[in-house]
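In this text, all values refer to a predicted model and were calculated from it rather than measured experimentally.
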Amino acid sequence: MTLRKGEKMTISIQEHMAIDVCPGPIKPIKQISDYFPRFPRGLPATVGRSSALRSAVSQSSVSPAEAPREEDEDVDQLFGAYGTTPTEQPAKCQAPEEVVDPEGYESDDCTTLGTLDFSLLYDQENNALHCTINKAKGLKPMDHNGLADPYVKLHLLPGASKANKLRTKTLRNTLNPTWNETLTYYGITDEDMIRKTLRISVCDEDKFRHNEFIGETRIPLKKLKPNQTKNFNICLEKQLPIDKTEDKSLEERGRILISLKYSSQKQGLLVGIIRCAHLAAMDANGYSDPYVKTYLKPDEDKKSKHKTAVKKKTLNPEFNEEFCYEIKHGDLAKKTLEVTVWDYDIGKSNDFIGGVVLGINAKGERLKHWFDCLKNKDKKIERWHTLTNELPGAVLSD
């Protein structure tokens, strides 16, 4: 192709695309982690960090594609000299009785799900478990704005249900919420402390769809000592399955707190219905509308019936009502106190939830409660009792 003087050479697009402009094979770009390998903080003196870093920098002339294997092996050896391996580190966060060292090597769950700070106290005298939720840190973002609307909910296992669910308030747009909120389970016995586990879940609240799970932790209650506060600061874990078969085998109807006192001034027995806890759900909404009835039997005239007010849509009602039965102290040994809990329904018969019988023919705590009342005049004695779904000789229709 000849060009005239002063004429510029033109190249068509087809000719331009045909030109070989490939510079050769593309080598991978070195990453910053190749120069600064990550070690756990607090590396002992036996493993010198400076020597490890010098060896890493000296290898910078070799491409990562050629010698990544040796570097990985060196890091593994360093971890081995430290006494642990990276895969073993999350176990440190799973132990509830240990406080996580914020300066230590963090696991994936700690980094992605966050940590939770809380304390537990078992009040043995009042049969109460106090759960104080302090704060969370570094929670996983759940919303489009990179934040979350977190709250904490509690369940007792086995037997998780609405009856034993407690929850904190929701805090908006934060990954480091501070609640400082105390949630209390009533009617907790020494037996519960041996066989039950507290499940603590952190969730994200959504107004227009289902709330989302962030992370959880589980604390066996047998780790707690009576009347001693135990503090925890541990990593949240991914959701664990619940054994449904175990739940059914240990299903309960609920518990009731009753006070007994023989009043010399009123010449009668004062029966206090204080509260119920963890009642069985009888309605389709997962709740009940409970109330309590009491009888002092034998009751030939059928005049001993007393009834509390109905508490709407709750499985943990608080009544604080007291009834008086005029009776001589000497006649109480021949009597039996029958307490039943019912679910109120409109337009159909009420549902029986459970009951308890106190008297000279009772057993265990029920007999002891009755005996202590007869023995200690003018002294109010409160006890928790487990409800049963069958009462011999009781009228199970309202």
Side-chain angles (χ1 to χ4, degrees), residues 31-33 38 41 86-87 89-96 98-120 129-157 160-185 197-219 231-244 247 281 284-287 313-316:
Q31 310 221 359
I32 194 165
S33 58
R38 183 179 181 183
R41 301 187 185 100
T87 55
Q89 287 294 328
K92 179 178 178 182
C93 299
Q94 293 170 358
E98 295 181 6
V99 176
V100 171
D101 181 8
E103 296 297 323
Y105 183 73
E106 295 179 338
S107 73
D108 290 340
D109 281 351
C110 286
T111 1
T112 58
L113 302 180
T115 60
L116 184 65
D117 184 289
F118 61 96
S119 64
L120 301 176
L129 177 64
H130 303 289
C131 313
T132 301
I133 308 299
N134 298 319
K135 60 184 178 180
K137 186 178 179 182
L139 294 180
K140 178 182 177 181
M142 304 299 289
D143 298 336
H144 296 299
N145 58 4
L147 300 173
D149 302 321
Y151 67 93
V152 177
K153 65 177 180 179
L154 310 179
H155 283 108
L156 284 176
L157 304 176
S161 65
K162 288 186 178 180
N164 62 43
K165 172 188 169 183
L166 300 175
R167 63 162 285 175
T168 66
K169 60 188 176 184
T170 301
L171 299 182
R172 302 289 176 187
N173 296 323
T174 178
L175 299 179
N176 301 288
T178 300
W179 289 281
N180 289 330
E181 203 171 328
T182 299
L183 308 173
T184 302
Y185 281 106
T197 296
L198 179 66
R199 178 192 184 197
I200 306 177
S201 307
V202 181
C203 300
D204 170 59
E205 184 177 294
D206 284 316
K207 290 184 178 179
F208 305 108
R209 52 181 180 160
H210 291 298
N211 297 340
E212 294 179 290
F213 176 86
I214 297 177
E216 71 169 41
T217 186
R218 298 186 185 184
I219 307 297
N231 298 308
F232 299 87
N233 185 1
I234 58 183
C235 297
L236 297 173
E237 304 174 62
K238 297 176 182 177
Q239 194 163 17
L240 301 173
I242 297 176
D243 190 350
K244 298 294 184 181
D247 291 353
N285 59 8
Y287 293 96
K313 198 181 177 182
T314 177
L315 300 177
N316 297 281

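- In this structure, the side chains of Leu236 and Leu139 come closer than 4.5 Å at one or more pairs of heavy atoms.
- In summary, the side chains of Thr170 and Glu205 do present a donor paired with an acceptor at a separation below 3.5 Å, with no hydrogens or angles considered.
- Distance OG/Ser201 to NE2/His155: 7.5 Å, rounded to 0.5 Å.
- Here OG1 of Thr182 is found 11.5 Å from CG of Leu166. Values are rounded to the nearest 0.5 Å.
- Of the inter-residue distances, the one linking Tyr185 atom OH with Leu120 atom CG reads 10.5 Å to the nearest 0.5 angstrom.
- Distance check, rounded to the nearest 0.5 Å: NZ of Lys140 to OG1 of Thr112 gives 6.5 Å.
- Side-chain atoms of Asp143 and Asp206, non-hydrogen and from C-beta on, do get closer than 4.5 Å to each other.
- Scanning both residues, Lys169 and Trp179, for their nearest heavy atoms gives O-NE1, 3.1 Å.
- A 4.5 Å side-chain heavy-atom check between Leu198 and Cys131 finds at least one atom pair inside the cut-off.
- A donor-acceptor distance shorter than 3.5 angstrom exists from the side chain of Asn145 to the backbone of Leu147, with no hydrogens or angles considered.
- Smallest separation of non-hydrogen atoms from Pro150 and Pro177: CG-CG, 3.6 Å.
- The closest donor-acceptor contact from the side chain of Gln239 to the backbone of Phe213 lies at 3.5 Å or more, if one exists at all.
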Check the pair Asp117 / Lys137 against side-chain contact (heavy atoms from CB on, under 4.5 Å), numbers first and verdict last. CA-CA 8 Å; Asp117 184 289; Lys137 186 178 179 182; over 6 Å; no
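- Interatomic distance, Lys135 NZ to Asn233 CG, rounded to the nearest 0.5 Å: 7.5 Å.
- Minimum heavy-atom separation, Thr178 to Leu171: O-CD1, 3.3 Å.
- Proximity of Asn211 to Asp204: side-chain heavy atoms (C-beta onward) are nowhere separated by under 4.5 Å.
- Remark: the backbone N or O of Arg218 is not paired with any side-chain donor or acceptor of Thr197 at under 3.5 angstrom.
- When every heavy atom of Ile214 is checked against every heavy atom of Cys203, the shortest pair comes out as CD1-C, 3.9 Å.
- In terms of the side-chain hydrogen bond (donor to acceptor under 3.5 Å, both in side chains) criterion, Asp149 has no residue partners (sequence neighbours excluded).
- Atoms NZ and CG, on Lys238 and Leu113 in that order, are 7.0 Å from each other to the nearest 0.5 Å.
- Of the possible donor and acceptor atoms, one in the side chain of Asn176 sits under 3.5 Å from a partner among the backbone N and O of Gly138.
- Between Thr115 and Cys235 the shortest side-chain heavy-atom distance falls below 4.5 Å.
- Considering only heavy atoms from C-beta on, Ile234 comes within 4.5 Å of Phe118 through its side chain.
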